[in-house]
Participant: 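After the structure tokens below, expect a handful of questions from me.
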There are 2 protein chains.
Amino acid sequence: MESLYPEQVRTTTLSDVAREAGVSLATASRAINGSTNRTVGPALRERVLAAAARLHYSPDANAQAMARGRTTSLGLIVHDIADPYFSAIAAGVTRAAEAAGLSVVLTSTEHDPAREVSFVELLRRQRVRAIVVTGGRRDDPEGTAALRAALEGFQAAGGSVALVSQPLEGMSTVVVDNREGAADLARHLHGIGYRRFAVVAGPVDHLTSRDRLSGFREALDELGAPLADGAVVHSGFTRDGGYEGMAELLRRDAGPEVVFAVNDVMAVGAMAAARDAGVSVPDDVAVAGFDDISTLRDITPALTTVRVPLVEAGVLATELALGPGEPREVHLAGEVVVRESTPAR
Amino acid sequence: MESLYPEQVRTTTLSDVAREAGVSLATASRAINGSTNRTVGPALRERVLAAAARLHYSPDANAQAMARGRTTSLGLIVHDIADPYFSAIAAGVTRAAEAAGLSVVLTSTEHDPAREVSFVELLRRQRVRAIVVTGGRRDDPEGTAALRAALEGFQAAGGSVALVSQPLEGMSTVVVDNREGAADLARHLHGIGYRRFAVVAGPVDHLTSRDRLSGFREALDELGAPLADGAVVHSGFTRDGGYEGMAELLRRDAGPEVVFAVNDVMAVGAMAAARDAGVSVPDDVAVAGFDDISTLRDITPALTTVRVPLVEAGVLATELALGPGEPREVHLAGEVVVRESTPAR
DNA sequence: TTGTAGGCGTTATCAG
DNA sequence: CTGATAACGCCTACAA
């Protein structure tokens, strides 16, 4: 037999509470959320609260948002929430948003840049107060222009925006010092004796990958130990990309002493490729990454990397978005963390 | 000088569009979203759409929700979005929610069970269509009762609920077969020659940990290789818990051949503790985990574990919550994945 | 301190 | 097919 429950569930409203308490709608409203004005007499307040409890009243946030003219939520756009890089940032965003009394609407592009634009529009319809956009972009003028247009539309409608990673002019951004971090890493590796370097990079048009690569390369140039031809291989910005990149590198007869994978997840893939090829890390080849993903801190050999305070980046971006004033750009320096995957040579 | 921008940003409304197009509000509404009734004449429809585009109109989802009587969002409660276990589930939830046309509101308890209750209330105020609650609970009758009450209140108000992990009577749940998975693992390990077992478990009142432990223990009992006294140590359900648990185990003179850490993150911590103590894995002691966290698949030695399809669990939970009919319980079997951390003995 | 009434942006019912 | 108009649930001047 089919369920005969009425689909229509009448939620109790503030009017119900007011009637139950024998007061006006306005009084009920004021008693329950303490309006900006004066208080409600203690006696009535009690009556109202009691009535609300009795009726299991739950204020309708949507109605409140309409009446007040502003919602209580914030949008977050990531590429893949299952990626530890993004989930760390998300942790920071949820924390900061909650501190500001906002709830966060999570959207995940699944690596399709075009979806960023539609998510911005979705979040704008939702009338979120702010949008935090995370993740590196490609060097794609059209795509970037579309995203910027969507974001500007959102701002024009009164919303605020903050980005993590790649800046977009006129919008607050938490910028990770990718070039400088990679350069520091290069200097450190050179300092402990490495001379023949190679890089497993992401796609050529991936801005974050590009910054890390060029910072690394320029530092090596200055040190007089430039990257050899064929010492850079481009691949996916993922674990599998790292794996394939390293495999390719090992196939070439370059024989680098140390490989810099432009992020930790790729570095882990690279190490797996070395292992599968019978090449020992760090005895035969040293490996370094970038990000210092906490979930990966216990891999062996422990990975030398550049620490990026991702949770903090999420917090900062949220605060930037919510804060007053002109768009700001906050820089987050990376810190080289030396571990066993790159022993002194 | 202070910014002199007017704080009040007037968003263009549907009335504006109607006026601009020279039609009634009703017609504009129908043209823009195709109401349940009949269509709008092609000519007018064009005019309206053009006007909307010209005015950069963005429908207000909140107002729509009010008018339609239902929102377009779904709530997700996790303990810690930075934990790969939860982020994998979250990936499944976002995917399924999007497929259903819903956006997800993410809340993170930061491991405080009491906050689950307040998040349920928050999400209820938001009038989300469904709530997905993930994560193991403690054996805490009062806390569980409070959560159940909040959830029932939400259901009574017309919302639907699905849980991942520990079931709650009367609510749809995606149950992971923890006992059976752990038992399978025990049998496998026994089958390849292990006899002296130990377990690094979570807190004694942690239900998931408890299930995994007892499944493991009972299988060993049946096999005639019961866990020795002192072969079980309780610790935190985290990486550090795993580390401390293993350290404690190594301090005891038991000398287990293989240690089962009740989740992968703990197993990684356990392996780190062994390493720090100069104990080799798997030569001196083998280690196995549970969950098969994908980010951890490349650690060395590769971890033997019980695979739980977490992304799928998220998808399933969302579908269960959104699906019609009575509450259901879906079981997800774990699959033992044998890797190098537990070589045949 | 408390109540009245108008409005927030849409949808939906009911006539033309 | 199109247009008034009443909800939806709540907040907030404005009055009393």
Side-chain angles (χ1 to χ4, degrees), chain A residues 8-49 51-52 55-72 124-129 157-158, chain B residues 8-49 51-52 55-72 124-129 157-158:
Chain A
Q8 217 34 338
V9 185
R10 261 270 302 164
T11 316
T12 87
T13 81
L14 193 52
S15 314
D16 297 330
V17 175
R19 190 176 324 115
E20 169 86 4
V23 302
S24 78
L25 220 196
T27 301
S29 171
R30 296 192 267 247
I32 286 186
N33 75 25
S35 86
T36 31
N37 294 347
R38 280 289 177 279
T39 36
V40 174
L44 283 196
R45 139 173 276 98
E46 274 314 302
R47 283 233 305 276
V48 174
L49 263 30
L55 268 40
H56 302 296
Y57 172 69
S58 167
D60 184 324
N62 284 287
Q64 293 183 314
M66 275 218 60
R68 297 204 245 248
R70 67 198 140 81
T71 67
T72 178
R124 175 176 169 191
R125 283 195 289 271
Q126 231 109 282
R127 299 292 187 267
V128 298
R129 294 252 272 274
Chain B
Q8 217 34 336
V9 184
R10 261 270 303 164
T11 316
T12 87
T13 79
L14 192 53
S15 312
D16 297 331
V17 175
R19 190 176 325 115
E20 169 87 5
V23 301
S24 77
L25 219 197
T27 301
S29 172
R30 295 192 270 248
I32 286 187
N33 75 23
S35 86
T36 32
N37 294 346
R38 281 290 179 278
T39 36
V40 175
L44 283 195
R45 140 174 275 98
E46 274 314 302
R47 283 235 302 278
V48 174
L49 263 30
L55 269 40
H56 303 296
Y57 172 68
S58 167
D60 185 324
N62 284 287
Q64 293 182 313
M66 274 219 60
R68 297 205 243 251
R70 70 199 136 79
T71 68
T72 179
R124 175 176 168 191
R125 283 195 290 270
Q126 231 109 280
R127 298 293 186 265
V128 297
R129 295 255 271 273

Participant: Name all residues meeting the side chain to side chain donor-acceptor pair (under 3.5 Å) criterion together with T27(A); count only those two or more places apart in sequence or in a different chain, and write none if there are none.
Facilitator: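 Counting only residues at least two positions away or on another chain, T27(A) forms a side chain to side chain donor-acceptor pair (under 3.5 Å) with S24(A).
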Participant: Grab the CZ-P distance between R124(A) and dG9(C) for me, whole Å please.
Facilitator: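 The distance from CZ of R124(A) to P of dG9(C) comes to 14 Å, rounded to the nearest Å.
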Participant: Listed by chain and number, what are the salt bridge (Lys or Arg N to Asp or Glu O under 4.0 Å) partners of R19(B), not counting sequence neighbours?
Facilitator: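 For R19(B) the salt bridge (Lys or Arg N to Asp or Glu O under 4.0 Å) partners, ignoring immediate neighbours, are D16(B).
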Participant: Walk me through whether I32(B) and Y57(B) qualify under side chain to side chain contact (heavy atoms under 4.5 Å, CB included).
Facilitator: CA-CA 10 Å; I32(B) 286 187; Y57(B) 172 68; 3.8 Å; yes
Participant: Quick test: give all pairs of protein nitrogen or oxygen and nucleotides 4-7 of chain C nitrogen or oxygen below 3.5 Å, distance rounded to 0.1 Å.
Facilitator:
none

Participant: Once you round to the nearest 0.5 Å, how far does CG of L49(B) lie from CG of L44(B)?
Facilitator: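 Interatomic distance, L49(B) CG to L44(B) CG, rounded to 0.5 Å: 11.5 Å.
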Participant: Taking atom C1' of dT11(C) as reference, at what distance in whole Å does atom CD1 of I32(B) sit?
Facilitator: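 Roughly 13 Å, once rounded to whole Å.
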Participant: Nearest to the N33(B) side chain among dG9(C), dG3(C), dT11(C), which nucleotide is it?
Facilitator: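 Of dG9(C), dG3(C), dT11(C), dT11(C) is nearest to the side chain of N33(B).
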Participant: Side-chain N or O of Q64(A) versus OP1/OP2 of dC10(D): is the shortest distance under 4.0 Å?
Facilitator: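 Answer is no, no contact under 4.0 Å.
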Participant: Measure CD/E20(B) against P/dG9(C) and give the value in whole Å, please.
Facilitator: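 Between P of dG9(C) and CD of E20(B): 17 Å.
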Participant: Sequence neighbours left out, what passes side chain to side chain contact (heavy atoms under 4.5 Å, CB included) with A65(B)? Give chain and number order.
Facilitator: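 A65(B) satisfies side chain to side chain contact (heavy atoms under 4.5 Å, CB included) with N62(A), T71(B) once adjacent residues are dropped.
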Participant: Find out whether V40(A) and V48(A) are in side-chain contact, i.e. whether some heavy atom of one side chain is under 4.5 Å from a heavy atom of the other.
Facilitator: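 They are not in contact (no side-chain heavy atoms under 4.5 Å apart), so the answer is no.
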Participant: Determine the contact category for G41(B): base if any of its heavy atoms lies under 4.0 Å from a base atom, sugar-phosphate if only primed atoms, P, OP1 or OP2 are that close, otherwise nothing.
Facilitator: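 Since only primed, P, OP1 and OP2 atoms lie under 4.0 Å of G41(B), the category is sugar-phosphate.
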Participant: Could you check whether any side-chain heavy atom of E20(A) comes within less than 4.5 Å of a side-chain heavy atom of V17(A), counting everything from C-beta outward?
Facilitator: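 No, their side chains stay 4.5 Å or more apart.
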Participant: So does A61(B) get a backbone contact from the side chain of R125(A), meaning a donor-acceptor N/O pair under 3.5 Å?
Facilitator: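 Side chain of R125(A) to backbone of A61(B): no pair is present.
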Participant: Without decimals, in angstroms, what is the distance between L44(A) CG and dT2(C) P?
Facilitator: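 L44(A) atom CG is separated from dT2(C) atom P by 4 Å.
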Participant: Measuring to OP1 and OP2 of dT10(C), would you say a side-chain N or O of S29(B) lies under 4.0 angstrom away?
Facilitator: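 No, no such contact exists.
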Participant: Rounding to an integer number of Å, can you tell me how far R47(B) CZ sits from dC1(D) P?
Facilitator: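 Atom-to-atom, R47(B) to dC1(D), this comes out as 16 Å.
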Participant: Which nucleotide in the set dG9(D), dT11(C), dC10(D) lies at the smallest distance from any side-chain heavy atom of M66(B)?
Facilitator: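 Nucleotide nearest to M66(B)'s side chain: dG9(D).
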Participant: Whole-Å distance between dA12(C) C1' and L14(B) CG?
Facilitator: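 Taking atom C1' of dA12(C) as the reference, CG of L14(B) is at 13 Å.
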Participant: Which of residues 55-63 of chain B sit near DNA chain D, with a heavy atom under 4.0 Å from it?
Facilitator: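 Heavy-atom contacts with DNA chain D come from no residue of residues 55-63 of chain B; none.
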Participant: Could I get the full list of side chain to side chain donor-acceptor pair (under 3.5 Å) partners for R124(A), not counting sequence neighbours?
Facilitator: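 By the side chain to side chain donor-acceptor pair (under 3.5 Å) rule, R124(A) matches no residue at all.
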Participant: Without decimals, in angstroms, what is the distance between R68(B) CZ and dT13(C) P?
Facilitator: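 For the pair R68(B) CZ and dT13(C) P, the rounded distance is 13 Å.
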Participant: Between the opening five pairs and the closing five pairs of the helix from dT1(C)-dA16(D) to dG16(C)-dC1(D), how far apart are the helix axes, to 10°?
Facilitator: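 Inter-axis angle at the termini of the helix from dT1(C)-dA16(D) to dG16(C)-dC1(D): 40°.
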Participant: Is the shortest heavy-atom distance from the side chain of L14(A) to the side chain of P59(A) under 4.5 Å?
Facilitator: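 They are not in side-chain contact.
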Participant: Who are the side chain to side chain donor-acceptor pair (under 3.5 Å) partners of S58(A), not counting sequence neighbours?
Facilitator: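 For S58(A) the side chain to side chain donor-acceptor pair (under 3.5 Å) partners, ignoring immediate neighbours, are R127(B).
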Participant: Shortest non-hydrogen contact from V23(A) to R47(A)?
Facilitator: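 Nearest pair, atom of V23(A) first, then R47(A): CG1-NH2, 4.0 Å.
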Participant: Within this structure, what is the CZ-to-P distance between R125(B) and dG9(D), rounded to whole angstrom?
Facilitator: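 Result: 17 Å.
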